[in-house]
Each structure stands twice: as C-alpha cells, then as structure tokens.
Protein chains: 2
Amino acid sequence: MIPSSDFNKLKAEIADQFPQLSKRLKQVAEFALSNPNDMALETIAIIARKAEVQPSTLIRFAKFFGYDGFTEMQRIFKGRLASQSDYKARIKAFAPEGENPTGLYDDFFEGSISSLEELRNQLDPETLNQAIEQLKNADTVYLAGYRRAFPVAAYFQYAFSHLDKKVVLLHGLGGMLEEQARVMSQSDVLLAISFREHSEEVISLVKSAGEKEVPVIAVTDSGLGPIASKASICLEVKDAKVQGFRSLSATMCLALILVVGLGKESLE
Amino acid sequence: MIPSSDFNKLKAEIADQFPQLSKRLKQVAEFALSNPNDMALETIAIIARKAEVQPSTLIRFAKFFGYDGFTEMQRIFKGRLASQSDYKARIKAFAPEGENPTGLYDDFFEGSISSLEELRNQLDPETLNQAIEQLKNADTVYLAGYRRAFPVAAYFQYAFSHLDKKVVLLHGLGGMLEEQARVMSQSDVLLAISFREHSEEVISLVKSAGEKEVPVIAVTDSGLGPIASKASICLEVKDAKVQGFRSLSATMCLALILVVGLGKESLE
DNA sequence: CTTTATTTAGAATATATTTTCCTTTTTTTA
DNA sequence: TAAAAAAAGGAAAATATATTCTAAATAAAG
C-alpha cells in the first residue's frame, strides 16, 4: 500500500476509510482532521493525551494508512503547515492589500465579522443581564419569530430545551397561533425575535402579551417601531446585508450569549 | 534574562543582538530568520546540517537568548506556525482585554469571529461553485436539518423561496418524513445540514437519497462520518463552542454565501 | 607567545518512538 | 444464548533518536 504523500490526499484517504476504522482509530481520525496543527507540532505523547488515546494507537493509525511509523505520517502534517505558510507569505509579498485570490467571498466574511463587532460594541451588559434574569425567572418561555427570524426562534427552542427550560415555539401551525399564545401568563416571558418589516403575527402577539402583562423580551434590528416600544427589554442586533440578503451570524451569536447566560444563571 | 515569548519579540531581539554575536551564532541567526519553518518543524540535527553548524551551536544560540535549551526556543517558532491559523490568539492580541464594557462576552465574539475566519480559510471555492451549480440545476431543493441544524434548514427555506426556487423543508411533521421525501427525484437535490451526533432522520434521508441517485449536498462539521461519505458534495463548517453550546454564526454565513451565489447564478 | 573565547566532536543524558505482550472488547459460530 | 475466536486496546519495556553536556582543539585577542 502506498501512503498518501500530501495532506489533501491523506485527508481524502482518511475520509474514505473512516467507516472501516475501529473506535479508537476513528477517534484519532477526527482529532487529526480537526487539529492538524497539533499533529504537526506536538510529540506523539502530547497528541495522544489531547486526543485521549494511547501513543501506540497513533502508531497503529499511521500504519493503517500505510506509513512506516508515526514520524513518517507526521511529515505530511508538517508539510501542510510549511506550504500553508509559504503560500501566505507569497500572497502577502505579491498582493499587498486584500487582493488575494481567495478573496471572492471576503464581502461575506467581512460583513459578518463587522456585524459581530458592532454587536460587541453596542451590546449593553446591563440590559443583557436583565434579559437573562427575566428568562431565568420565567416559568415558560414563549418564542415568536417569523420569516427571517424563525430560524432564531427555532434555535432558542433547541437550546433552551437542552437547558431543561420550559419553552413553547409559537409556530402557528394549523392556524392556531392565538390558541397557542392564549395560555401565556404573567409568570412567563414572550421572547419575540423580529426584523423589519415586522410580520403581522409578531406584532399582534407582542400587543396581546402587553395587554395580559406578560413580560416581553425583544430581539430586533431597530429600537424603534411596534416591537421595541412594547417590549420590556429590547436587545438590538443588526446583521450584515450582502446583495439583498441578510445573514443571521450576529443574531445567532447574541442568541448563544443569552443561552449560555441563562445556563450559567440556572446552575447557581 | 527573560527570553522572548513570541516570534516577533524574538526576531527583534535577534536583530538587536546581531552585531555582538560570534561568527557561528551569526550564521545561526541568519538561518533562523530566513528559515523559520525549518526551525519549527525539523530536529536540531537536521537544522544544524542545513545551517551548516554543529548541533551544539544551536543550543548555545538558544542559551544566548535566555532560553533553557533549544527545545524551549523552538517552541517560539512552533507557536508562530500555529498562530497563523489560530485566529483566537490573533484577535486577542489586537483587542486589548476588557477595554470595552462587554468584555465579559469576548469569548463569544472571539469564538464566532475565529470560526468565520476558519471557514474563510478552508472553504474551497471549487466545491462551493459545484454546490451552487447543482442547486441551480435542481428542479426542487429538499432541505433536511434536525436539532441544531434545523434553524439552518429553515433559513434556507426562507431564502430560497425568496429567490423563487422551489424548496421543500423536510420537517417530518405528523410523522410523515418518509412520505415527504419519497417524491425526491434525480432532477432534485437534497441539501442536508447535519452536525455530530448526526440525527437518525438525516442519516436515513441521505441514505435513501443515495439509493434513488438524488444528488446530496452536505453541510456538516466533519468530513468524516455517514453524511459526508454519502454526499456528492460536502461543505465543511465548524462553529465555535462556548460553554458547551455551539452558535450557528459560521454556518449562517456559509448559508448566506450559498443563497447569494444561487441568486447570482439564477439571474444570468 | 600566552591567554581567553569560540568551536568541534563525541560521550552522556534525556526524551520520543516503537514493539511486545497481556487484557479487554467485539464478532462469529455452535 | 453461550462459548470460542478474532480483533482491538492498553501498559510498559525496549529501542531508537534527539538533546545536552564535557573536554579537547582551534581561532582570536592581548
């Protein structure tokens, strides 16, 4: 058997053989592909510890893929690092600013990153703490989010239920949105995610929550308008827009902050 | 004497001390600065041969700059290579700690930003174009995503339908997942979003798509495992994990890229 | 020419890798 | 379902390799 001679080939080979690997070798495969730097730079003993396997397992892994020993396979990982850094140096040398060939999608990344940075700058910890506190105290969290906001509501449902928080996604399936929402009480919280143009559903939900004195936490892209004004707590987040479409990167990060914040609070 | 703790400091220190070095140490200094990769990746014996000095000279060199031994100095060179693809460290270096009021949440932002940077680095334009092409040619796009991946599938549904792309979200409502999926044909595409541990639903959907020769595009966090191996195209994305929870920031950015890519293609 | 600093070669030490053997787990067959 | 066989995994000894130290040799400076 001829062992792979460069990183991409090895990667393909590992992916290919993966189903046939034993439990520990699978563990190594996963570690190797997600920590190629460690594979290149650390000693077998340290890698073994990080991957939570025996050193000998790493050697078995290398031999499985046709190498003489671990050292020989490690060369592939070293080669990857070396060529990667050479490549970077070349780009830097010849294309001074942002003119690299991989820049086709830079707009997307830069947009997402800058929306994250903006969120970081404007997020008010006090407001956030209040929101977390209110979520913690709520008996049940009701989630409203439609159109672009629906995936966010769905994420909250997933995450909150993993925290054993009682949660209801107001999806309006079967035209029974009102019926679903009717049982909200003052000891609950309505978490409404909505971006302009706000959907009718969310506006009326927030309104009726207000009438019943159910606290409302809003996640929205504008501090103005019907949602923010009726909410008891308003968290603002603006996702980057590229070619007419907005991502949800920043909103998802905010969601994660709320989730982890709630998780921490609940433990105490 | 306190030895330099990162590559740039060491570089400056070497340049600084250069005139006072002996002949052989100068030779090492020049080699080290022009072959930092070798310094990081090779053994002392090989480096010595390449630099045309004795191994012990390298040790004297390391000691001259305050390190305990060669190994300790080599860590600096290794760190340089590792940090080129480790954006967490880089971001931390540029944004001084705790200077903004939300410093508490830096982990989240750093995590999200670094996962975006990693995506930027690893995303293969060729694969991406194939995926867009396949989506464009598909009659109908079927979406499969469960648990954490469900919000992503829901986002695709929202976005694709805004592009007037025929799309079906395989939600399995009413226990009719199989019935929903049965109508997929070779002229369609199954877009499967799945992260470990992959849900049963998605595994069996991908499998049955394969049997019917329906093309499968996978969006996943590992090139290994049942999803990636059965997919015709595999897009890898790894979201940052904070305190046990993963966000979807990077995945949402990838989704946006696909959406906008498809939007552009369809116009032409 | 003597003294001091630097360099070299090789010995000693330390560390890393590999192999071996035994235990555990998994699979196959009765 | 149980027993036997096969495969995989783990611990540790053995081997190989790398690093560091030492002492002799060379070069540089006074």
request  = Measure the shortest side-chain to side-chain distance between Tyr146(B) and Leu205(B) over non-hydrogen atoms and say whether it is less than 4.5 angstrom.
outcome  = yes
remark   = Closest to the 5' end of DNA chain D, once Lys23(B) and Phe70(B) are matched to their nearest nucleotides, is Phe70(B)
key: Nearest to side-chain heavy atoms of Ser56(B), which nucleotide of dC21(D), dG10(D), dT18(C)   = dC21(D)
inquiry  = Looking at Arg24(A) and dG10(D), is any side-chain donor or acceptor paired with a base atom of the opposite kind under 3.5 Å?
reply    = no
request  = Report yes if some heavy atom in the side chain of Leu41(B) is under 4.5 Å from a heavy atom in the side chain of Leu81(B); otherwise report no.
outcome  = yes
message = Of the listed nucleotides (dC21(D), dG9(D), dT8(C)), which one gets closest to any side-chain atom of Lys63(B)?
response = dC21(D)
inquiry  = Any base atoms under 4.0 Å from Lys26(A), or only sugar-phosphate, or nothing? Heavy atoms, all strands.
reply    = nothing
request  = Whole angstrom is fine here: how far is it from CG in Leu58(A) over to C1' in dT17(C)?
outcome  = 11 Å
task = Consider the side chain of Ser22(B), meaning its heavy atoms from C-beta on, and name the nucleotide among dT17(C), dT6(C), dA11(D) that approaches it most closely.
result = dT6(C)
ask   = Expressed in angstrom and rounded to an integer, what is the separation of Glu72(A) atom CD from dT17(D) atom P?
value = 13 Å
query = Whole Å only: how far is the CG atom of Leu41(B) from the C1' atom of dA18(D)?
reply = 16 Å
key: Shortest side-chain distance from Arg60(B), nucleotide among dT17(C), dT6(C), dT19(D)   = dT6(C)
inquiry  = Distance check, rounded to the nearest 0.5 Å: Met39(A) atom CE versus Leu58(A) atom CG?
reply    = 6.0 Å
key: Closest listed nucleotide, where the reference is the side chain of Thr43(B) and the choices are dA18(D), dT8(C), dA11(D)   = dA18(D)
task = Remember a base hit wins even if backbone is also touched, and classify Thr71(B) as base, sugar-phosphate or nothing at under 4.0 Å, heavy atoms.
result = sugar-phosphate
request  = Indicate yes or no: does Arg75(B) engage Glu72(B) in a salt bridge with an N to O separation below 4.0 Å.
outcome  = no
message = When you measure from the side-chain N and O atoms of Gln54(B) to the phosphate of dT7(C), is any distance below 4.0 Å, counting only OP1 and OP2?
response = no
request  = Measure from the side chain of Ile59(B), starting at C-beta and using heavy atoms only, and say which of dT19(D), dT7(C), dG10(D) lies closest.
outcome  = dT19(D)
For atom CD1 of Ile46(B) and atom C1' of dT17(D), their distance in whole Å = 11 Å
remark   = In this structure, NE2 of His162(A) is separated from CZ of Arg148(B) (nearest 0.5 Å) by 10.0 Å
query = Starting at CZ of Phe61(A) and ending at C1' of dT17(C), how long is that distance when rounded to a whole Å?
reply = 17 Å
ask   = Ile44(A) has an atom CD1; how far is it from atom P of dA18(D), in whole Å?
value = 14 Å
query = For the pair made of CE in Met39(A) and P in dT17(C), what is the distance, rounded to whole Å?
reply = 11 Å
inquiry  = If I take atom CZ in residue Phe64(B) and atom C1' in nucleotide dA5(C), what distance separates them, rounded to the nearest angstrom?
reply    = 13 Å
ask   = Among dT7(C), dT18(C), dA11(D), which nucleotide sits nearest the side chain of Pro55(A)?
value = dT18(C)
